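Because the structure is predicted, anything quoted here is derived from the model rather than measured. Each ligand, and each atom within it, is numbered from 1 in the order the structure gives.
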Amino acid sequence: MEDILNYTRKELNSLLEEGGFPVYRSKQIYQWLYTKYVNDVNQMNNLPVNLRQWLINNYNWRFPKAIREQVSKIDGTAKFLVELVDEQTIETVLMFHGGKAAKQRKTLCVSSQVGCPVGCVFCATGKMGLKRNLSTGEIIGQLLAVSRVHGKIDNIVYMGMGEPLLNYDNVLKSIRIITDEMGLNFSSRKITISTCGLAPEIKKLSEEKIPLTLAISLHAANNELRNALVPINKKYPLEDLLGAVKYFINKTNRKVTFEYILAKDINDSILHAKELAALLKGFLCNVNIIPANPVPGTAIKKPNARSIANFVQILQSKGIETVVRSEKGADIDGACGQLKARTNGND
Ligand code: SAH
Ligand code: SF4
């Protein structure tokens with residue numbers, strides 16, 4: 001049986017029609033699922049009994065299960081271990097931003113694959129290799145499982161485990177569902193896709209007419225260094241990647257974010273900063289500097305505060321809008337690059 005969370009409302013309309021039910025029922029189903037986070041069909045009291053029975057008989061209504069939640073003592077960041085039907089696990093991270101509790105914005109970092117085939121040197125997920133793609137429903141399910149407990153989420157970032165553009169169709173469909181006005185009704189501007197740089201898929205995404213935020217994991221401003229850090233650069237070198245990013249900006253008029261992990265003695269020198277500024281000159285963009293998070297088994301280290309500040313200062317002096325991304329959930333390995341599946345032990 002297919003997961004009900006796999007369907008856009010349009011698809012649900014056709015299914016209802018085929019089953020002999022009026023299409024407007026899809027709105028009611030969407031409201032139960034996506035505004036009340038209810039997946040027990042018998043609670044859907046505005047649906048007739050025969051439709052409820054049909055829905056139960058034909059579709060799977062489970063949400064992925066959050067089997068463990070770790071909360072950071074530092075900043076409240078919560079990391080969920082989510083179990084999928086085949087007992088594979090993924091991680092989903094809830095972060096809080098700004099202001100007092102009542103005013104805080106919630107950002108959910110969702111996974112798009114179990115593991116990742118790209119193998120960037122500094123990334124714990126990459127060390128696992130690819131187990132499989134997530135379905136649309138498994139991507140959405142992360143959002144529903146967390147919203148059910150923590151309330152409405154403000155921003156979604158596809159920055160958890162996996163490379164979203166290698167699971168293009170399911171990721172795109174999940175965005176169509178998340179932005180549906182009868183359901184979660186998310187503004188696409190509050191959705192960020194982070195990619196290691198698949199040039200053809202970035203071009204394809206530019207054509208979808210979804211004004212979402214695109215973030216590019218750049219990490220190096222020359223091909224030699226980027227080949228070593230982000231292996232997919234050998235397939236899509238900087239010229240191709242930046243060509244695709246320009247195309248995206250032209251099509252969407254959206255400012256693009258370049259993510260740059262700053263790793264001690266690897267890509268953090270003054271020369272690297274100048275090279276980066278020159279590469280991004282003229283782009284409608286901002287740069288997020290991510291001081292490298294430790295990943296066991298790698299020699300990647302965070303630079304000291306002074307070299308981070310110097311690096312940022314050089315970019316800013318060249319007119320590049322730059323911020324240092326604040327680290328979240330450091331004590332629970334909840335930060336960028338640290339996600340990996342594990343169910344055993346007390347780590
Ligand atoms: N696959 C996508 C999205 C998931 S990775 C991508 O690569 O963009 C999310 C972000 O975490 C990326 O910017 C990635 O480069 C960064 N990241 C990976 N390992 C990291 C580490 N050890 N320290 C800091 N950031 C890291
Ligand atoms: Fe995959 Fe992104 Fe990790 Fe690279 S940084 S291995 S693309 S998840």
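Here 1 is the count of protein N, O or S atoms positioned under 2.8 Å from atom 1 (Fe) of ligand 2, waters not counted.
The option from Ala124, Ser217, Ser112 that lies nearest to atom 13 (O) of ligand 1, judged by heavy atoms, is Ser217. Comparing Ser194, Cys123, Cys120 by heavy-atom distance to atom 3 (C) of ligand 1, the nearest is Ser194.
Remark: the Glu207 side chain and the Tyr247 side chain contain an N/O donor-acceptor pair separated by less than 3.5 Å. When only modelled atom types and interatomic distance are considered, Thr257 and Asn288 share no side-chain donor-acceptor pair under 3.5 Å. Looking only at atom types and distance, the side chain of Ser307 has no donor-acceptor partner in the side chain of Asn310 under 3.5 Å away. Glu259 and Ser194 are linked by a side-chain donor-acceptor pair at a separation below 3.5 angstrom, with hydrogens and angles left out of the test.
Below 3.5 Å of separation, one finds an N or O of Gly162 facing an N or O of ligand 1.
Residue pairs that meet the salt bridge (charged side-chain N to carboxylate O under 4.0 Å, His left out) test with at least one member in residues 274-301, sequence neighbours left out, do not exist here. Residue pairs that meet the salt bridge (charged side-chain N to carboxylate O under 4.0 Å, His left out) test with at least one member in residues 148-165, sequence neighbours left out, are Arg105-Asp154.
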Test ring pair (Phe, Tyr, Trp, His ring centres under 6.0 Å) on His150 and Phe80; report intermediate values, then the result.
CA-CA 12 Å; His150 291 270; Phe80 302 87; 5.7 Å; yes
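For ligand 1, the atoms sitting less than 4.0 Å from at least one non-hydrogen atom of Val295 are 22 (N), numbered in the order shown with element in parentheses. Of all atoms in ligand 1, numbered sequentially from 1 with element shown, those under 4.0 Å from a heavy atom of Ala292 are 23 (N). Heavy-atom contacts of Thr195 reach the following atoms of ligand 1: 6 (C), 8 (O) (cutoff under 4.0 Å). Of all atoms in ligand 1, listed by their number and element, those nearer than 4.0 Å to a heavy atom of Asn293 are 21 (C), 22 (N), 23 (N), 24 (C).
Partner of Ile320 under the side chain to side chain contact (heavy atoms under 4.5 Å, CB included) criterion, chosen from Val287, Leu279, Leu276, Asn286: Val287.
Residue Met161 places every heavy atom at 4.0 Å or more from ligand 1. Not a single heavy atom of Gly126 sits less than 4.0 Å from an atom of ligand 1.
Every residue two or more places apart in sequence or in another chain that forms a ring-ring contact (aromatic ring centres under 6.0 Å, His included) with Tyr59 is listed here: Tyr7, Trp54.
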